[in-house]
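To start, the structure itself, in structure tokens.
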Amino acid sequence: MAGEQLIELAKRRGFFFGSNGAYGGTAGFYTFGPRGAALKRNVEDAWRDRFTLKEGNHEIEAPTVMPEPVFEASGHLDGFDDMLVECGECGVSHRADHLIEDATSIADAETLPGSEVELLIRDHDIACPNCGTPLAGQDVEDFNLMFSTNIGPGDAQPGYLRPETAQGIFVEFPRIKAYARGQLPFGVTQIGPAYRNEISPRGGLLRLREFTQAELEQFIDPEDDDPPLDRVADVDVRLYPAAAQEADDGDYLDTTVGEAVADGVIGSAWVGYYLGVAQEWYERIGVDMGRFRFRQHLPGERAHYAADCWDAESEVGGDWIEIAGFADRGTYDLSKHDAHADDSFTVFKRYDEPKTVERATVDPDMSVLGPEFGGDAGAVAEALEALAERDPDAFDAETVTVDLPDDDAATVDTDVANFSIETETETGEHIIPSVIEPSFGIGRIVQTVLAHAYTVDEIDGEERTYLELAPEIAPVDVAVFPLVSNDDRLVDLADRIAGDLRGHGLSVAHDDSGSIGRRYRRQDEIGTPFCVTVDRDGLEGEGPDSVTVRERDAARQVRVPVDALAEELAALLGDGDAASFETLLERYDSVETDVEAA
RNA sequence: GCGCCGUUGGUCCAGUGGUAGGACAUUAGCUUCCCAAGCUAAUAGCCCGGGUUCAAUUCCCGGACGGCGCACCA
């Protein structure tokens with residue numbers, strides 16, 4: 001519940017802000033500042049680690065501009081536009097196709113041309129649902145949600161910015177399958193921008209015209225391929241099934257992935273598997289699981305090709321927002337491209353046992369058919385082949401007669417057809433894989449982790465705002481300060497340590513401006529998990545030089561030798577529980593600061 | 001796209017028909033051995049276009065951007 005303060009912090013501290021402010025701003029576009037870009041990249045890296053590397057999947061990077069035929073095949077060109085009609089009286093815009101569908105028995109008015117829709121509005125006396133004024137005579141305008149462009153000079157080759165990153169994966173499937181050696185199941189991922197020319201962008205990062213998606217297309221043979229469900233069977237999930245949403249007293253279903261799949265609440269085991277993987281991943285990057293749920297699509301909102309569909313939703317500012325979708329898309333996408341494109345979008349599925357089939361074939365003697373039938377010879381040969389398949393017995397006679405496309409019939413000696421029954425061994429068949437699609441909105445995840453990390457507490461009686469970000473995704477790993485800036489020994493050592501830690505691959509902030517408390521607060525506000533402070537005590541005491549390491553959440557401190565610093569920090573920042581601040585406190589001296597976080 | 005409301009330093013706000021003030025932040029200096037301390041100074045702003053007016057940041061119209069509601073979200 002920190003909506004406005006969070007937006008203010010995001011702007012002030014460089015997480016994100018509306019783009020092109022110098023030119024008045026552009027709705028629907030956001031720029032990630034230095035902190036936001038780092039945070040977003042860390043989220044993407046965490047996603048890549050879990051959904052690409054840990055799953056053994058293949059990541060690709062396809063262009064954002066794709067030619068028109070791609071979207072003719074995908075259905076986006078026809079299906080992705082809205083027909084709008086504006087009321088001349090009250091000015092409210094309506095979906096023209098919806099008005100038609102309500103007033104007539106036409107089911108898919110979306111596919112009608114605009115001119116016809118205008119006639120239908122006139123013929124059926126359709127009026128504005130808002131004010132009742134007849135809409136006859138108003139223009140129906142197409143509004144396609146894809147950004148269009150031209151590829152090369154002129155307008156000979158129209159192109160569009162992809163409205164989802166997935167199309168790049170589907171289009172390149174014929175080649176990608178070769179890299180997977182043609183073996184199902186395999187998964188292909190892509191992280192990158194997608195574009196939709198939204199009518200009305202709203203809500204900060206929530207609905208943008210350019211946004212980043214991380215998508216996984218898991219290609220499977222639904223008959224043979226099962227997910228490794230046991231890996232996530234015990235993962236607890238909070239489900240909000242369609243039935244519960246429709247019931248008056250519907251409630252969440254707290255269960256495990258294994259049980260939900262076994263009970264059929266989750267229809268697809270593959271979808272269930274990825275819900276479990278996603279649940280653990282969201283937890284890892286710091287989503288508050290008390291403000292998280294999986295919501296099943298209602299029958300009405302499901303895309304027509306999706307068998308079962310669940311959304312991951314998080315609560316931000318009191319609203320539930322969709323942050324990922326998990327859909328069983330069946331063979332929809334690959335079938336479309338298989339039908340439209342030249343290449344084959346199938347994989348070869350080997351049978352367990354080769355099948356032996358007897359096939360009737362002909363091998364017509366064209367040196368006879370040619371002279372006899374002239375230009376029709378080819379058609380005669382084709383008709384013979386078709387007949388052999390349909391009615392092999394016809395070739396038992398002396399002559400055989402076939403019908404030609406132009407209603408003529410042709411009779412030839414059976415010998416000429418060279419009819420035979422051949423035995424063939426079939427080792428498999430070409431199938432179009434089914435697709436399970438987990439699709440993540442990166443910007444929405446960034447917004448979620450920021451909102452869930454936003455915390456206000458009290459330190460030393462002063463209110464403090466900080467981001468309780470997971471170290472893995474925090475934009476800065478560690479900040480290094482001299483405790484005071486009027487002692488060159490401290491300043492120089494802080495400089496040296498910062499450089500050394502950067503050499504170890506850490507993202508390091510260096511700050512010697514203002515009091516130490518002020519510098520801690522700056523880092524707290526951007527979620528830096530650890531601060532290293534160089535003080536005189538660490539240089540003057542017995543033994544090797546040491547510095548203090550402060551953790552963000554409770555402001556506890558421990559004194560660590562400079563020589564061990566890089567190694568200890570790397571362990572603290574590594575993913576998983578490789579090391580915790582508690583273990584540091586056990587092994588080194590803690591620092592009394594009289595500071596109390598409450 | 002529609003309706004209502006809004007837009008003043010980096011951020012949050014005050015204010016005015018005669019071109020503006022605060023708080024916080026930032027920078028520099030002094031001070032400072034652990035949590036937004038203090039002192040001094042500096043940087044920095046009326047969203048854009050048109051109209052009314054001697055004069056517009058202020059009033060009017062339009063636009064852009066933002067918030068809320070409607071519509072939309074394949």
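Chain A is the first sequence line, chain B the second, and so forth, proteins listed ahead of strands; every chain is numbered from 1.
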With respect to the side chain of A/L483, which nucleotide from B/rA74, B/rG3, B/rC34 is positioned closest?
B/rC34
Under the 3.5 Å Watson-Crick or G-U criterion, the dot-bracket string of RNA chain B, with | for inter-strand pairs:
(((((((..((((....[..)))).(((((.......)))))....(((((..]....))))))))))))....
Heavy-atom count check: over 12 atoms from other residues, nucleotides or ligands less than 6.0 Å from A/R489 CZ?
yes
Please measure how far the P atom in B/rG22 lies from the corresponding atom in B/rC5, and state the result in whole Å.
32 Å
Inter-nucleotide P distance (B/rC46, B/rG10), Å rounded:
9 Å
If we take the P atom in both B/rG66 and B/rA25, what is their distance in whole Å?
29 Å
With C1' as the reference atom in both, quote the distance from B/rA23 to B/rU19 in angstrom, rounded to an integer.
23 Å
Hey, does the side chain of A/R12 come within less than 4.0 Å of B/rU26's phosphate (OP1/OP2), counting only N and O?
no
Using a 3.5 Å distance criterion without hydrogens, assess whether the side chain of A/R552 forms a donor-acceptor pair with backbone atoms of A/L467.
yes
Could you check whether any side-chain N or O of A/E551 sits under 3.5 Å from a backbone N or O of A/D553, counting only pairs where one atom can act as donor and the other as acceptor?
yes
Checking B/rC73, B/rC34, B/rG66 against the side chain of A/I516 (C-beta onward), the nearest is B/rC34
Roughly how many Å apart are B/rU43 and B/rC47, using the P atom of each and rounding to a whole number?
22 Å
Under 30°, 30 to 60°, or over 60°: which ring-plane class applies to A/F170 and A/F219, parallel, tilted or perpendicular?
perpendicular
Between B/rA25 and A/R518, is there an OP1 or OP2 to side-chain N/O distance shorter than 4.0 Å?
yes
Across the strands shown, which category fits A/R207 at heavy-atom distances under 4.0 angstrom: base, sugar-phosphate, nothing?
base
Which part of the nucleic acid, if any, lies within contact of A/G325, taking any heavy atom under 4.0 Å across all strands shown: a base, the sugar-phosphate backbone alone, or nothing?
nothing
N/O donor-acceptor pair under 3.5 Å between A/R202 side chain and A/R207 backbone:
no
Tell me if the side-chain of A/Q557 makes a donor-acceptor pair with the base of B/rC34, cut-off 3.5 Å, by modelled atom types.
yes
Write down the distance separating the P atoms in B/rG17 and B/rC4, rounded off to the nearest Å.
26 Å
Looking only at the side chain of A/R550 (C-beta and beyond, no hydrogens), which of the listed nucleotides B/rG69, B/rA74, B/rC35 gets closest?
B/rC35
Name the closest nucleotide to the A/S515 side chain, picking from B/rC73, B/rA37, B/rC35.
B/rA37
Can a donor-acceptor pair under 3.5 Å be found between the side-chain atoms of A/Y23 and the base atoms of B/rC48?
no
Quick check for you: among B/rC34, B/rG66, B/rC35, whose closest atom lies nearest to any side-chain atom of A/A27?
B/rG66
Can you measure A/F29 atom CZ to B/rA64 atom P for me and round it to whole angstrom units?
15 Å
Can A/E568 and A/R587 be counted as an ion pair, charged N to O under 4.0 angstrom?
yes
Do any N or O atoms from the side chain of A/Q523 and from the backbone of A/T528 form a donor-acceptor pair under 3.5 angstrom?
no
Counting the atoms with a prime plus P, OP1 and OP2 as sugar-phosphate, which does A/S513 contact under 4.0 Å by heavy atoms, base, sugar-phosphate, or nothing?
sugar-phosphate
Same-atom distance (C1') from B/rG18 to B/rU11, integer angstrom:
30 Å
A/E462 or A/S200: which one's nearest nucleotide on RNA chain B is closer to the 5' end?
A/S200
Among B/rA74, B/rC34, B/rU11, the one nearest A/H76 by side-chain distance:
B/rA74
Return yes if some donor-acceptor pair links the side-chain N/O of A/S268 with the main-chain N/O of A/V271 below 3.5 Å, else return no.
yes
With RNA chain B as reference, determine whether A/E525 or A/R522 sits nearer its 5' end, using the nearest nucleotide of each.
A/R522
Please work out if A/D524 contacts a base, only the sugar-phosphate, or nothing of the nucleic acid, heavy-atom cut-off 4.0 Å.
nothing
Quick check, are the ring centers of A/F17 and A/F15 under 6.0 angstrom apart?
no
Can you tell me the distance, in whole Å, between the CG atom of A/L145 and the P atom of B/rA74?
10 Å
Any donor-acceptor pair under 3.5 Å joining the side chain of A/R13 to the base of B/rG10?
no
A/L208 atom CG is separated from B/rC73 atom P, nearest whole Å, by 18 Å
Regarding the side chain of A/D460, the nearest nucleotide among B/rC73, B/rC35, B/rC70 is B/rC35
Options B/rC2, B/rC12, B/rC35, nucleotide nearest the side-chain atoms of A/K11:
B/rC12
Does A/E322 reach a base, just sugar-phosphate, or nothing at all? Heavy atoms under 4.0 Å.
nothing
Work out how far the C1' atom of B/rA56 is from that of B/rC68, and round it to whole angstrom.
30 Å
Keeping the roles fixed (side chain from A/T31, backbone from A/S19), state whether a donor-acceptor pair exists under 3.5 Å.
no
Any idea which of B/rU11, B/rU32, B/rU26 is nearest the A/S485 side chain?
B/rU32
